[in-house]
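Heads up: the structure comes next, in structure tokens.
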Amino acid sequence: MNIRLARAEDVVDMQQANLVNLPENYHIRLWIYHIVTWPQLSYVAEDRKGRIVGYVLAKIDEESEDKSADIHGHINSISVMRSYRRLGLAKKLMLLSQEAMATVYKAKYVSLHVRETNQAAIGLYRDTLGFEVANTEKGYYADGENAYMMRLDFKNKF
């Protein structure tokens, strides 16, 4: 297994992993925008043949109008192909992205959204990585399912 920074030429394969594994999908322009704008934050996992089997797509959140608000990162999407799960790839991808958020961009924390029913992902985020549920966003997903907005503070982490 090889984990490396994502490149623009990886976008089609990253998007394919997203389409296979997740109900939420993004337009290809969003993928490219993230990789070009925050090139240190998104990573891919490759198998021995160089095929992308997992990724994390992340950004620095710039939406706050409060100029005194802390800089923070956001995980837009993470996915690992089914046959490569339970190998620690998702954890490694997340930790690399989080470390870059904290060291390169001086982010104070990272946030993400997860479906209330996605117990496997919640377990990874909460139990393995230390995220906490900050709030519930009703009807967040297109199908009406609620999302937990989870957050991990970087204080004393990196």
Side-chain angles (χ1 to χ4, degrees), residues 1-62 71-133 140-142 145 147-154 156-158:
M1 255 342 110
N2 179 44
I3 296 179
R4 62 169 174 77
L5 284 167
R7 301 183 295 249
E9 58 265 28
D10 298 324
V11 167
V12 171
D13 292 330
M14 291 170 71
Q15 189 177 43
Q16 184 59 37
N18 175 263
L19 291 167
V20 167
N21 293 311
L22 299 171
E24 297 76 40
N25 301 295
Y26 304 104
H27 194 280
I28 198 154
R29 284 183 296 219
L30 180 104
W31 295 83
I32 293 168
Y33 176 73
H34 277 62
I35 291 171
V36 170
T37 306
W38 303 284
Q40 303 91 342
L41 300 184
S42 295
Y43 287 83
V44 295
E46 298 175 311
D47 68 7
R48 290 188 180 119
K49 294 181 179 178
R51 295 176 298 206
I52 292 176
V53 297
Y55 71 86
V56 61
L57 183 71
K59 68 176 185 172
I60 295 298
D61 203 334
E62 300 171 325
I71 295 170
H72 69 281
H74 185 77
I75 302 294
N76 281 81
S77 184
I78 180 167
S79 181
V80 174
M81 299 301 276
R82 193 165 302 282
S83 58
Y84 290 88
R85 292 182 186 168
R86 311 214 47 77
L87 300 174
L89 292 177
K91 178 182 176 183
K92 289 175 187 172
L93 290 164
M94 289 286 287
L95 290 173
L96 286 167
S97 185
Q98 291 169 29
E99 183 177 7
M101 289 173 189
T103 58
V104 176
Y105 294 97
K106 308 301 183 218
K108 302 296 184 202
Y109 66 93
V110 60
S111 63
L112 58 80
H113 291 93
V114 61
R115 289 177 173 270
E116 282 183 325
T117 57
N118 192 341
Q119 294 303 311
I122 293 167
L124 169 70
Y125 304 142
R126 182 189 58 218
D127 304 335
T128 303
L129 296 169
F131 280 76
E132 295 179 355
V133 174
Y140 179 83
Y141 291 101
E145 185 173 347
Y148 290 134
M149 198 284 279
M150 300 184 81
R151 176 180 163 142
L152 174 69
D153 289 315
F154 290 152
N156 302 322
K157 293 237 187 249
F158 301 103

>> Checking Y43 now: which residues fulfil ring-ring contact (aromatic ring centres under 6.0 Å, His included) with it, not counting sequence neighbours?
In response: none
>> Taking ring-ring contact (aromatic ring centres under 6.0 Å, His included) as the definition, give me every residue that meets it alongside F131, ordered by chain and number, with sequence neighbours left out.
In response: Y125
>> Side chains of L89 and M1, heavy atoms from C-beta outward: is any pair under 4.5 Å?
In response: yes
> Taking only residues two or more places apart in sequence, or in another chain, which ones meet S111 in a side-chain hydrogen bond (donor to acceptor under 3.5 Å, both in side chains)?
Replying inline: H74
>> Please find the pair of heavy atoms, one from A45 and one from L93, that lie closest to each other, and give the distance.
In response: N-CD2, 4.1 Å
>> On a heavy-atom basis, which atom in D47 and which in K49 lie closest, and how many Å separate them?
In response: OD1-N, 2.9 Å
> Which distance, rounded to the nearest 0.5 Å, do you find between the OH of Y105 and the NZ of K59?
Replying inline: 13.0 Å
>> Let me confirm one number: the CD1-CE distance from I75 to M94, rounded to the nearest 0.5 Å.
In response: 4.5 Å
>> Under the rule for side chain to side chain contact (heavy atoms under 4.5 Å, CB included), what residues qualify as partners of D153, not counting sequence neighbours?
In response: Y109, R151
> What residues, two or more places apart in sequence or in another chain, satisfy side-chain hydrogen bond (donor to acceptor under 3.5 Å, both in side chains) together with N2?
Replying inline: E46
> With sequence neighbours excluded, what pairs up with E132 under the side-chain hydrogen bond (donor to acceptor under 3.5 Å, both in side chains) test?
Replying inline: none
>> Using the rule side-chain contact (heavy atoms from CB on, under 4.5 Å), only one of R82, M81, R86 pairs with Y84; which is it?
In response: M81
>> If I take atom CG from residue L129 and atom CG from residue L95, how far apart are they, to the nearest 0.5 angstrom?
In response: 5.5 Å
>> Could you report the tightest heavy-atom contact between A6 and V44, atom names first, then the distance?
In response: CB-CG1, 4.0 Å
>> According to side chain to side chain contact (heavy atoms under 4.5 Å, CB included), who are the partners of T117, at least two apart in sequence or on a separate chain?
In response: R115, E145
> Listed by chain and number, what are the side-chain hydrogen bond (donor to acceptor under 3.5 Å, both in side chains) partners of D10, not counting sequence neighbours?
Replying inline: R4
> From I60 CD1 over to H72 NE2, what is the distance, rounded to the nearest 0.5 angstrom?
Replying inline: 8.5 Å
>> Holding to side chain to side chain contact (heavy atoms under 4.5 Å, CB included), I want the full list of residues that pass it with I28, two or more places apart in sequence or in another chain.
In response: V11, V12, Q15, I32
> Considering residues at least two apart in sequence or located in another chain, which fulfil the ring-ring contact (aromatic ring centres under 6.0 Å, His included) criterion with Y33?
Replying inline: W38
>> Test of understanding: with side chain to side chain contact (heavy atoms under 4.5 Å, CB included), list the residues that count as partners of T128, not counting sequence neighbours.
In response: K91, L124
>> Tell me the closest heavy-atom pair linking I35 and A8, and the distance in Å.
In response: CG2-N, 3.8 Å
> Do N76 and H34 have side chains that get closer than 4.5 Å, going by heavy atoms?
Replying inline: yes
> Which distance, rounded to the nearest 0.5 Å, do you find between the CD1 of I122 and the CG of D127?
Replying inline: 10.0 Å
> Is a donor on one side and an acceptor on the other found under 3.5 Å between the side chain of S42 and the backbone of A58?
Replying inline: yes
> Can you name the closest pair of heavy atoms from R85 and V80 and give their distance?
Replying inline: NE-O, 2.8 Å
>> To the closest 0.5 Å, what do you measure between CD (Q40) and CE (M101)?
In response: 11.0 Å
> Using 30° and 60° as the class limits, which term best fits the ring planes of H113 and Y140: parallel, tilted or perpendicular?
Replying inline: parallel
> Just by modelled atom types, is the L57 backbone N or O under 3.5 Å from a matching donor or acceptor in the S77 side chain?
Replying inline: no
